Amino acid sequence: MEPGAPATINQSRDAPVASTGPWEGFTRFLGRRDVLPFLLLAPVLIFFIVWNLIPTLWLLGLGFYRFSLTSGRPPRFAGLYNYRSILNDSGVWIDLSRTFLFVFFAVVTETLLGMALGLLFWNSHRLPGRRIALTMLFSPMVLTPVAAGTFWRLIYDPTFGVLNSAIRGLGFSSVDFLGDGRVAFAAVLGVDVWMWTPFMVLMTLAALASVPKAELEAAEIDRLAWHQRLRLIVLHHGKFILMLGILLRTIDAFKTMDLIYDMTYGGPGSATQLVAMTLYRRAFEAFNMGWSSALAVILLLISIAFTATFIFVLHWRERREAES
Amino acid sequence: MATKEPALPSLISPNEAASLPRRTLLTGAAALGAAALYVPNIARAAGKEPHPLAGQSIHMSILGVAGWLPSSLGVDMSPDFARYVKDRYNYDVTFSFAGAPFGALFQKAATSLATKSQEYNIIISDSQWLGALATPKWIVKLNDIIAQDKSLDIEWYAPVVRQAYQVYPDGTNSLYGFPQVGDIEGIFIRKDWLEAPGEAEAYQAKYGSPMPRTWEDFEKMDLDDWKKLVAFFNRPEKGYYGIAMQYSREYDALSCPLISFIRSMGGDIWDPKTGQVEGIMDTPLNAKAMELYKSMLQWNPPGALNYFIAQVVDAFTQGKVFAAWQWVATGATMVPDALKGKVMVVPPPGFKDASGKLNRNYVIGGQPWVINAFNDKAHMRVALDFMRWWYLPETAANYLKRGGLPCDKATLTSPGFDDIYPWNRTYKYMLERSSDFWHDPRYAEMLAVQQEGWTGYMTGELKDPAKVLKYIACKQQGILYDEGTAQTEPTGACSGIRL
């Protein structure tokens, strides 16, 4: 602060006695209203810049270079070569379409199952064993995907797996869940549903908690049918939280890699090769960093598109309802 | 380094010896013998060899293959090295071990080395990575070191050891690695199943020829003979299968045995001198090899399409299969206590050429030690001391005893080597019939393309082996041309090629 400048509010409040030492001057500087907010934000901003912004910009730049980490050569500027190569790569398109299928089936199944289970647990406070049941229900969600993948791989094993043992016990022949290209995709999808349905249960319970009791009581007095109550009151109030859950699951399912890595490594053949696995293999097995960066940028844009679409739909419906 | 202990001084002259009574002579000889046992310790106590690290304490980090016995032996035996250098050079050394599975190990090493880190002072590399590690100058070139220290200039059992684990580029004299473990493809079979009552008679009745029983019988077998044998023991209705082989798309699981088929049948996958792939990879002979390898699936357990090393170990040790096509370095894991005495390890099938001669040209496994080029002086010195110690005869003997597979001629030709473990004889035999494939820096990219195509064919996703081979040839030709290894770019036939 300039000498002789008028005292700020903070000064008058915190430092009524004028002081001239450097430390006091520094603390007065920190206490200024126009400085303090930035100081408080600084750690987050620094973290964001170092860990998000710089790597993202680096990634964007690297996508325009041909660069193999193991060739010993410096990166060579190649313009849009990597992007053209990806667009002309039928394998990437097939993996991408397989990923969209995975996302669609996973998110739809998890949402429907999650909502159904959430409604079952709604207003069940007096149900004996509710807490234990909820804890058990949520436990798959808190497991690391690698652990879940490992024990599901063993459960699915066609020779000594417990699931096939049960199938054989019922008189049917074994199913090669992860070795048969026709069923491997569904088998991996099943594990994802098992892991992440609890998340949608959690979101549903949160959504249901946001529903005003008065409106529900009024609906009960008015004798609204259950589906009308669900649509007009429950979903009306809980849709934002549910949509948030769907959005998070969509983005997360789109990135699925760890589960695939552990269970099938994308196989058999390419039956379970999702695009995140393709990215992993090209980046960290083939070390083709330029190409992988370009693919990562494309996947980032797709994720952003998902988010934007969901937010648009949510706001569009809100606007429409407000207008009507 | 193997330095000779100081010679014992002559305590009595030859003339005196001749005049001494026999008992005195024997007593003296016994005393001398006892003294000889203590002389090394006396010498050590008297004074250790001068060493720049004397009095210092160094920590070394080794990166190796997780869950892989030969890698872990390198670390398990490190306390012996610590004692050795303490006694000899008076410095302390401790070790830590970082590991990753085969498919992720190179990634772990490369991402660390790319930042010029000495996080891992010594790395157990896979043989095919030498080019990828040497080209960016991440690992130490060893020619000068070996030239100055003859104890590191070791005579290997077969030329392939040097070619696979030391040399890059192929055909040159540039050395980058020291063999850590040798490894070859062999077949583990259940001897007790072969010897079970009634089996030999049933086999004879079914095929009209005697059942193979001895190692020599298996040496003479071609793929057709093997097919008969594994078909005979394939009893899925009882939960038993003929053979477990690797078909996974992970790392090089399928590539190694399939390339062995291709080469043993007289084909190849590229020309290392010109980098040419097209016209070598995409041949009818290679397509035939793919069909043959796929035909073996019918005698594999369900789920074999995802089999890599660990899954084959599981299938074999759980008694689900009669035979397992496997790297012999897994021997200690493949033959647990419950199976000791019940397992034989034999050479994989030969392939008859036009003259009827059996050919075996299999892919070599195994890993070399490589030394981080970013090590500081102290760590570099310890790394080299470690290598000198590793190749001491007593270290090699201890390594062998613990289930490791050395590559030096002295150990492999030592009396009784073949009988120490059931896989030792086959190891030696196949070492002379094995060779490596690429050492190219773009190895990983070429492997990814190859695994994608070949596993697609094995699963039935892709029907035409010729088309798969053409796709692989085109992609690999493009990679090598881009790298500058291949002299010609992909032909017009590769334009827009898809699987």
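Model, not experiment: these values are computed from the prediction. We name chains A, B, ... by the order of the sequence lines, and we start the count at 1 in each one. The figures here come from the full heavy-atom set of this structure, side chains too, leaving out hydrogens, waters and symmetry mates.
- A side-chain N or O of B:Tyr251 and one of B:Asp126 form a donor-acceptor pair less than 3.5 Å apart.
- With sequence neighbours excluded, the residues forming a side chain to side chain contact (heavy atoms under 4.5 Å, CB included) with A:Asn164 are A:Pro158, A:Ile167, A:Arg168, A:Ser174, A:Val175, A:Phe177, listed by chain and number.
- Using a cutoff of 4.0 Å between basic side-chain nitrogens and carboxylate oxygens, B:Arg249 and B:Glu452 are not scored as salt-bridged.
- With respect to A:Arg182 and A:Asp180, a salt bridge is recorded, a charged nitrogen being found less than 4.0 Å from a carboxylate O.
- B:Trp138 touches chain A through its side chain: at least one heavy atom from C-beta onward sits under 4.5 Å away, while N, CA, C and O do not.
- B:Tyr240 pairs in a ring-ring contact (aromatic ring centres under 6.0 Å, His included) with only one of the listed residues (B:Phe322, B:Trp193, B:Phe316), which is B:Trp193.
- B:Pro301 touches chain A through its side chain: at least one heavy atom from C-beta onward sits under 4.5 Å away, while N, CA, C and O do not.
- From B:Trp129, atom CH2 reaches atom CD of B:Gln367 across 8.0 Å, with rounding to the nearest 0.5 Å.
- Heavy-atom pairs under 4.5 Å with chain B peak, among A:Gly179, A:Ala184, A:Pro268, at A:Pro268.
- Chain B forms more heavy-atom pairs under 4.5 Å with one residue of A:Gly266, A:Ala283, A:Gly181 than with any other, namely A:Gly266.
- Applying the ring pair (Phe, Tyr, Trp, His ring centres under 6.0 Å) criterion to B:Phe188, with sequence neighbours excluded, gives no partner residue.
- Contact residues of residues 85-96 of chain A toward chain B are A:Asn88, A:Ser90 (heavy-atom distance under 4.5 Å).
- Interface check for chain B: of the options A:Ser173, A:Ala271, A:Gly267, the most heavy-atom pairs under 4.5 Å are formed by A:Gly267.
- When heavy atoms are compared at a cutoff of 4.5 Å, A:Phe287 approaches chain B solely by way of its side chain, counted from C-beta outward.
- Ion pairing between B:Arg442 and B:Asp482 holds under the 4.0 Å rule for side-chain N and carboxylate O.
- Pairs engaging residues 458-467 of chain B under the side-chain hydrogen bond (donor to acceptor under 3.5 Å, both in side chains) rule: A:Ser270-B:Glu461 [sequence neighbours left out].
- Contact of B:Asp440 with chain A is not made at all, since no heavy-atom distance falls under 4.5 Å.
- With a 4.5 Å cut-off on non-hydrogen atoms, A:Arg282 does not touch chain B at all.
- With chain A as partner, the option from B:Gln451, B:Lys137, B:Glu445 having the largest number of non-hydrogen pairs under 4.5 angstrom is B:Glu445.
- Only the side chain of A:Tyr261 comes within less than 4.5 Å of a heavy atom in chain B; its backbone stays farther off.
- The candidate from B:Val449, B:Thr455, B:Asn306, B:Ile479 with the greatest count of non-hydrogen atom pairs under 4.5 Å with chain A is B:Asn306.
- At least one donor-acceptor pair under 3.5 Å links the side chain of B:Tyr247 to the backbone N or O of B:Leu297.
- Donor-acceptor pairing under 3.5 Å is recorded for the side chains of B:Gln450 and B:Gln476.
- Taking the ring centre of A:Phe160 as origin, the terminal cationic atom of B:Lys320 falls outside the region bounded by 6.0 Å and 45° from the ring axis.
- Residue A:Phe104 places its CZ atom among 12 or fewer non-hydrogen atoms of other residues, nucleotides or ligands, all under 6.0 Å distant.
- Of all the listed residues (B:Ala104, B:Pro441, B:Ser248, B:Gly453), the one sharing the greatest number of non-hydrogen pairs under 4.5 Å with chain A is B:Pro441.
- The residue among B:Ala444, B:Ala114, B:Ala315 with the most heavy atom pairs within less than 4.5 Å of chain A is B:Ala444.
- Note on B:Gln311, B:Met446, B:Met458, B:Gln318: by heavy-atom pairs under 4.5 Å with chain A, the leading option is B:Gln318.
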